[in-house]
Amino acid sequence: MLQVAPVESITSLSSDLFYDILRRLDGPTLASAACTCASFSSISKEESLWENVCSSVWPSTNREDVKSLISSIGGYRKFYADCFPLIVNKEVGEYQWNNNLQYPDDWTEAEYYGDMIEFESISPSDFVSIVDIRFKEKPICSKVLWGIPNANGYDEWFFNCPFRIDLLSCADRDDNNDGVVTLSVSDGLPPITSMEREKKDGKLWQELRDGLLLSWIIVNKKIKQSANLASWSPLDGQRHWPTDKDFVFRFGSVLSAKGILPSEAVQCILIMKFRVVHIEEEGVQTNLKATELSMQLEDMECAHVNGRNSLLILKEALSCRRSNNFSEVLESCLMYSKVQNKLKEEKIKNESRLDTLCILSGIVAVMTFWYYVL
């Protein structure tokens, strides 16, 4: 019979055994274990442990260029601590009650386009996007984008036009080519025999909504900071838009724009769109292809933020408050939508009052004219 030697205390175990235990843990568990004793705390600082954790969460960190980037900004332990929690902005509700909010139509050119002096310290080439998509915990896509597309240095076109990052090429959107990001029955999708049936039971929609996870990490090489701008799970979505075979999902977060825009907050909107390429009745298993994966920033008026202000906001986002609680992230996004809708209602009421005043003024003018004529 095999006998196991008794262990007098946990401190009598070798550091190699501790390391072997800790390397099997995920990120949150490893962080918790580091708080239990001095031995675990010391060994948990090993970069190789956190490299394994980051690799399992974000497969894109396996790339050699990304490994070098992470090492240059402080290492894997810092990278995980910065990027695993999600951005939370609970100050959005306060913006409704200050009386300083203005609508974009009332903003001055300097307020909308931003301070050029402050912007000179930011370069589009400083930013790196590290994106990973999972479906039912299985990695399906990893992309890394160095710099901001179409920035073209510091020309006025990028400064003043709507900011947008699009991670899919034209070939990826072409239904006649094999796209990079695809999903099929082998990935866990339910077989779909007809789109008409899918419209009724929504099985495919539900599987996509519940199974998709998105991580979009922005890194600023210059200031050596990073943050995850996604919400992991979709915030909302739309079925069969703009065609019967499209599914649109929206991820994102609420970012602070204090000192940048009068609205003081914007929403980072990450759009993922899938299109049904094949269904079962066509003799091929159900197959979907991603046709859009993009980022844009929108202000309280749902207007796209320009390139200059977007870079300033992204830089500030790297030092925003974070949380491991998804419900907090969702709450901040719902709060933003609530304030946004209330502002829209107020603007509609103000426009309605103005229209009524104009009509009454016109009636009075006509009556006065006829009074003097007659």
Side-chain angles (χ1 to χ4, degrees), residues 26-32 34-35 50 53-54 57-58 70 73-98 100-101 114 118 121-122 126-132 163 213-236 250-270 295-300 305 309-340 343:
D26 59 17
T29 309
L30 177 58
S32 299
C35 301
W50 292 103
V53 169
C54 290
V57 178
W58 304 294
I70 294 174
I73 63 174
Y76 286 93
R77 188 171 177 230
K78 178 180 182 296
F79 183 79
Y80 183 86
D82 288 342
C83 302
F84 184 76
L86 302 178
I87 291 176
V88 173
N89 187 351
K90 289 191 172 182
E91 298 179 351
V92 178
E94 300 175 5
Y95 304 151
Q96 173 65 25
W97 312 120
N98 68 35
N100 299 321
L101 276 178
E118 184 179 0
S121 63
I122 305 177
D126 293 336
F127 293 89
V128 181
S129 292
I130 302 175
V131 180
D132 289 280
F163 173 84
L213 296 175
L214 172 66
S215 170
W216 190 312
I217 294 171
I218 285 287
V219 180
N220 187 300
K221 299 182 294 181
K222 187 175 183 180
I223 61 176
K224 298 183 178 182
Q225 290 182 317
S226 54
N228 194 345
L229 302 183
S231 50
W232 282 116
S233 298
L235 296 172
D236 56 42
R250 186 175 66 90
F251 303 76
S253 53
V254 178
L255 308 180
S256 173
K258 283 186 176 181
I260 302 173
L261 292 176
S263 62
E264 298 187 333
V266 301
Q267 192 164 28
C268 176
I269 299 177
L270 309 175
M295 174 200 294
Q296 286 184 314
L297 302 185
E298 289 187 356
D299 60 23
M300 285 283 185
V305 182
N309 287 333
S310 292
L311 292 189
L312 290 171
I313 291 169
L314 289 178
K315 181 182 177 182
E316 292 301 315
L318 300 180
S319 57
C320 282
R321 177 191 169 192
R322 291 146 165 92
S323 173
N324 290 327
N325 189 344
F326 175 71
S327 61
E328 279 193 297
V329 178
L330 183 59
E331 180 185 354
S332 68
C333 293
L334 292 176
M335 190 182 300
Y336 181 92
S337 297
K338 183 178 179 181
V339 173
Q340 189 179 53
L343 287 174

| query | Quick one: CZ on R250 to CG on L214, what's the gap to the nearest 0.5 Å? | reply | 12.5 Å

| note | What one should report as the nearest heavy-atom pair of C268 and L255 is CB-CD1, 3.8 Å

| said: Test your reading of the model: is there a side-chain donor-acceptor pair from R322 to the backbone of C83, 3.5 Å cut-off? | reply: no

| task | Find out whether V219 and F79 are in side-chain contact, i.e. whether some heavy atom of one side chain is under 4.5 Å from a heavy atom of the other. | result | yes

| How long is the span from the SG atom in C54 to the CD1 atom in I130, to the nearest 0.5 Å? | 9.5 Å

| task | Might you point out which heavy atoms bring S226 and I73 nearest each other, and give the distance in Å? | result | OG-CD1, 4.3 Å

| said: L235 vs L330, test: side-chain contact (heavy atoms from CB on, under 4.5 Å). Steps then yes/no. | reply: CA-CA 7 Å; L235 296 172; L330 183 59; 3.9 Å; yes

| Taking every non-hydrogen atom, the tightest pair across I313 and S256 | CG2-O, 3.8 Å

| request: Anything under 30° is parallel, anything over 60° is perpendicular, the rest tilted; go ahead and classify W58 against W232. | output: parallel

| task | Calculate, to the nearest 0.5 Å, the distance between atoms OG and CD belonging to S310 and E298 respectively. | result | 10.5 Å

| request: Carefully, step by step, assess S233 and L213 under the rule side-chain contact (heavy atoms from CB on, under 4.5 Å). | output: CA-CA 5 Å; S233 298; L213 296 175; 3.6 Å; yes

| K221 side chain near V128 side chain, heavy-atom distance below 4.5 Å | yes

| Atom of M295, atom of F163 and distance for their closest heavy-atom approach | SD-CE2, 4.0 Å

| Least distance between heavy atoms, E316 atom then I260 atom | CG-CD1, 4.0 Å

| Can you check whether L30 reaches Y80 side chain to side chain, under 4.5 Å on heavy atoms? | no

| Judged by atom type as modelled, is there a donor-acceptor pair below 3.5 Å linking the side chain of N228 to the main-chain atoms of W216? | yes

| said: Rounded at 0.5 Å granularity, tell me how far CG in L318 sits from CD1 in I218. | reply: 8.0 Å

| Rounded distance (nearest 0.5 Å) linking atom CG of L229 with atom CG of L297 | 8.5 Å

| Between CG of N220 and CD1 of I122, what distance do you get to the nearest 0.5 Å? | 7.5 Å

| query | Checking S231 side chain against F251 main chain: does a donor-acceptor pair fall under 3.5 Å? | reply | no

| query | So which heavy atom on D299 is nearest to which on V266, and how close? | reply | CA-CG1, 4.1 Å

| No-hydrogen, no-angle side-chain donor-acceptor test under 3.5 Å, S215 and D132 | no

| So, S327 and N325: side-chain donor and acceptor under 3.5 Å apart, yes or no? | yes

| said: Is any side-chain heavy atom of Y76 closer than 4.5 Å to one of V53? | reply: no

